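First the structure, in the form of structure tokens, and then the observations on it.
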Protein chains: 2
Amino acid sequence: MTKARTEARTRRRGGELLRSIHAAVLAELAEVGLGRLTMEGIARRAGTAKTSLYRRWASPHDVLLDAIHDEHPEEAASPAADDLRGDLLRALQQLVAWMQTPTAAAAAAIVAERKRYPELAAALYERVFDARGGRFTLTVLRHYAAHGQIDARRITPVVADIGEALVLKHALDADAPPSDEQLAAIVDEAILPAIGLGLDRPVTAR
Amino acid sequence: MTKARTEARTRRRGGELLRSIHAAVLAELAEVGLGRLTMEGIARRAGTAKTSLYRRWASPHDVLLDAIHDEHPEEAASPAADDLRGDLLRALQQLVAWMQTPTAAAAAAIVAERKRYPELAAALYERVFDARGGRFTLTVLRHYAAHGQIDARRITPVVADIGEALVLKHALDADAPPSDEQLAAIVDEAILPAIGLGLDRPVTAR
DNA sequence: CGATTAAGATACGTCTCCGTAGCTTAAATA
DNA sequence: TATTTAAGCTACGGAGACGTATCTTAATCG
């Protein structure tokens, strides 16, 4: 008697199976967390056999690293027009969009537990954060500084981090990314004043 | 023959034992993470019997909640002198000091995994973040606004978060809290400009 | 001091995951 | 089509944690 289970007759190989496994490990990470990632769990979710995983990877973390490596988005930084405020806003919107990616969720989990799994964190920085520029608003700020529209001396490490830091903090506090209005407030009330382009009064009534 | 193990002759009870268990669960959390907290691990580390834990708590998370509840620091906000910059700096220093606390490490772990363990996160906010004011720089800003030294309309939610957000981001990026010089840069380059007290040129050469 | 309370020690069956072995069989390749 | 390659399936002993039960005994209280 053949098995005749629900698993049908088709046997996936190579790329198709690989993509399924990558999706499975990211989903598993989101559900059970980094500390409970397990070969059995990944195999279950991917609908494959544990032995097939062990043929390619030695541990759940190795599977995860491969998944992160292959799924990273790799989008370019925003090209700057002649609209500093709009470009800053778009840069933060790109950041928010990326934050809702499965890869970003995985990255957050890894960063949060970096003390426990330093190799994972190191690989993450190497393969994701360094690969994509990382810096969202900094790209914009440098562009306008290069064109003499803002004082280059104002673009300190602290100033370059303001936008990202506030988006991050908002996401942590509210458990949701900031809205476009909140992004605008970040630009108007924090970033622009820091580069010497503050308005005389708050833009958002409050 | 009695056991004569290293565990000596003294049997701890009540408060002493409880404190040991609280320390154990925080240490265990730091070492293995929230997803791998285990009654056996806590018992081992506290040098007590698993059965003694089950008599009081139903799960590792319950032990952890008790520990957080009892260990929270509860320090008061900085009293404001007539030195806005200095008070902001001191507020951020208080934040940095708290971040190095075991309770803060536990809080970070819980916040990072709040999607997975929402009851834990809820309890954390209730028992820690609400209990202590939470807001470090906000207390200072409100004080000076009340005394008319800064424009109250400038103190928006975004502006109130700038200091904390940058400290947090620095800690995440560098895996270490910011130094006093870096705190000063945060105050001078981000917070003060946002409340309309920016200097004409950057304070820290860079 | 005697009685009561709470902690320590041990043991148990059950689960889940570990990593590996062996075999079968579908898919790709020559 | 025949062969090779890679995936699926099942099973195993080992480890660690689960939650509970039982018994002993130290600490505390009346």
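Owing to the predicted nature of the structure, the values given are computational and were not obtained by experimental measurement. In what follows, chains are A, B, ... by sequence order, proteins preceding strands, each numbered from 1.
- Sorted by first then second residue, the ring-ring contact (aromatic ring centres under 6.0 Å, His included) pairs that include residues 23-68 of chain B, not counting sequence neighbours, are B:H61-B:Y117.
- Considering only residues two or more places apart in sequence or on other chains, B:R116 meets the side chain to side chain donor-acceptor pair (under 3.5 Å) condition with B:E113.
- With sequence neighbours left out, A:D161 forms a side chain to side chain donor-acceptor pair (under 3.5 Å) with A:R135, B:K169.
- Within residues 49-65 of chain B, the residues having any heavy atom closer than 4.0 Å to DNA chain D are, in order of number, B:K50, B:T51, B:Y54.
- Checked against side-chain contact (heavy atoms from CB on, under 4.5 Å), B:A107 has the following partners two or more places apart in sequence or in another chain: B:W98, B:L124, B:F129.
- Checked for salt-bridge contact, B:R56 and B:D62 miss the test: no charged N lies under 4.0 Å from a carboxylate O.
- Note: CZ (A:R13) to P (C:dT25) measures 16 Å, nearest angstrom.
- Partners of B:A24 according to the side-chain contact (heavy atoms from CB on, under 4.5 Å) rule, which considers only residues two or more places apart in sequence or in another chain, are B:I42, B:R45, B:A46.
- Take B:R12 and apply the salt bridge (charged side-chain N to carboxylate O under 4.0 Å, His left out) test, not counting sequence neighbours, and it matches no residue.
- Residues of residues 36-46 of chain A that place a heavy atom closer than 4.0 Å to DNA chain D do not occur.
- Atom CD of A:E16 is separated from atom P of C:dA27 by 10 Å (rounded to the nearest Å).
- B:D66 pairs by the salt bridge (charged side-chain N to carboxylate O under 4.0 Å, His left out) definition with nothing, not counting sequence neighbours.
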